[in-house]
Amino acid sequence: MNILIKDILALLPEGVSTCSVYISGGTIASTGFAPEGFTPDKTINGSGKMLIPGLVNAHTHASMTILRNCADDLLFNDWLFGRILPLEEKFTGEDCHWGIKLAIMEMLRCGTASFIDMYSFMDDLAQAVADTGIRAVLSRGLVGGSDDFAASEQRMKEALDAVEKWKDIPNLSFMLAPHAPYTCDEGFLREIATEAKRQGLPITTHISESLSEIETIKERYGCTPVELCDRAGLLTDTTVAAHCVHLTDNDISILASRGVTVATNPVSNLKLANGIAPVPKMLKAGVKVALGTDGAASNNTLNMFRELTMLTLIHKGVNHDAKAVSAREGINIATKNGAMALGRSDLGEIRPGNIADLAIIDLGQPNMQPLNDPAAALAYSSNGSEVETVIVGGKILMENREFLTIDAERTVYEVSKICERIGTK
Ligand code: NI
């Protein structure tokens with residue numbers, strides 16, 4: 001399908017300018033003149049709108065939308081072990097299918113075109129990605145070790161089976177996901193690292209999220225979580241490490257030298273009272289930083305615009321430095337660096353040859369006028385509700401805020417039935 005987005009203010013790598021964007025066969029064919037022989041099947045009038053790269057949510061647990069607003073104002077360990085895990089025990093695969101569909105609706109509504117997910121029930125999640133057409137990297141959360149050998153191996157088998165079964169679905173790929181250094185023993189972390197290497201799979205994990213994690217790992221192994229993950233072989237240039245809130249200078253230099261991408265989750269870290277990741281320090285040390293929302297049980301949204309605002313504000317405040325993470329830097333983190341987390345050099349920027357993952361923003365909203373500096377508008381004025389159309393791989397998934405591949409009413413209904421059954425409603 002050929003799509004022409006005509007005369008739109010576009011956020012290009014070289015700056016913002018008004019141009020026409022030609023999309024053909026899923027890729028951006030041109031951001032200037034019409035390619036030879038191009039006939040649009042669909043034309044979108046870009047007047048009064050802005051085109052941005054689709055945002056990349058580099059860390060979430062999409063099915064946890066089911067647990068939105070039901071475990072709040074709790075410290076991390078009370079939240080996870082006291083409230084979340086007992087509720088998750090009640091989930092079926094079908095529950096997670098509806099949960100991720102609701103998450104995909106919310107992500108599209110706020111301009112997110114791709115995400116990295118860690119959860120379970122891989123077939124039910126993969127089916128939702130296939131149905132909706134969004135871009136996703138799924139991973140089966142792996143916990144366990146020698147105390148729990150058979151169940152750990154079963155989880156690993158589920159992870160690898162999904163990779164094989166769903167390998168031909170467009171826009172879908174996989175990572176291996178050791179949940180965290182405090183939920184996997186060192187032997188299991190090592191086994192996952194070896195298997196990832198053997199299968200050519202990237203790794204995603206949680207590292208150094210809470211102070212209690214730092215204490216636990218220090219007590220068990222006499223080192224930091226980053227040092228443990230490094231000696232287990234988990235840290236490479238295709239690894240995406242979520243959180244990384246509590247880091248030593250040595251941890252930061254390990255993350256930089258291994259080429260790890262850190263997915264920072266400022267809202268979740270604040271809400272669970274875990275702290276604030278040293279993002280400016282990491283950026284200065286050359287660590288690749290991307291942005292994620294974490295799950296809706298600890299955020300309580302999957303809104304990357306809210307995350308972008310928090311990312312660009314919070315580090316100014318705590319560092320007393322108004323340039324700590326600039327608007328433009330924040331947008332790069334949410335787009336281009338997100339594409340790096342996905343392991344993709346053909347995403348995250350609007351340029352010819354790249355895959356067409358794009359979001360169109362309505363500039364007619366009062367909070368977007370006068371626009372003046374578009375980067376400042378995206379980081380500080382927007383709240384995500386201005387997104388009206390989202391294109392993934394050259395296919396329109398949401399147009400004028402209508403979902404074209406999701407039955408929104410049924411999804412909300414099914415999730416509400418799940419909440420009744422598990423007793424959160
Ligand atoms: Ni997480």
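Note that ligands are numbered from 1 as they come in the structure, with each ligand's atoms numbered from 1 the same way.
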For the residue pair H61 and Y119, categorise the inter-ring angle as parallel (less than 30°), tilted (30 to 60°) or perpendicular (more than 60°).
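Rings of H61 and Y119: tilted, 30 to 60°.
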
Should the pair H179 and Y182 be assigned to parallel (<30°), tilted (30 to 60°) or perpendicular (>60°) ring geometry?
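Ring orientation of H179 relative to Y182: perpendicular.
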
Atom name of the N, O or S atom in H61 that lies nearest to the Ni ion (ligand 1):
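Atom name returned: NE2.
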
Metal site the Ni ion (ligand 1): N/O/S of H206 inside 2.8 Å
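Yes, H206 qualifies, because one of its backbone or side-chain N, O or S atoms lies under 2.8 Å.
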
Measuring to the Ni ion (ligand 1), does D294 have an N/O/S atom at a distance below 2.8 Å?
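So D294 does bind the Ni ion (ligand 1) by this criterion.
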
Salt-bridge criterion met for E153 and K157 (N-O under 4.0 Å)
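No, no charged N to carboxylate O under 4.0 Å.
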
Strictly below 4.0 Å, N to O, side chains only: are E388 and K49 in salt-bridge contact?
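Yes.
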
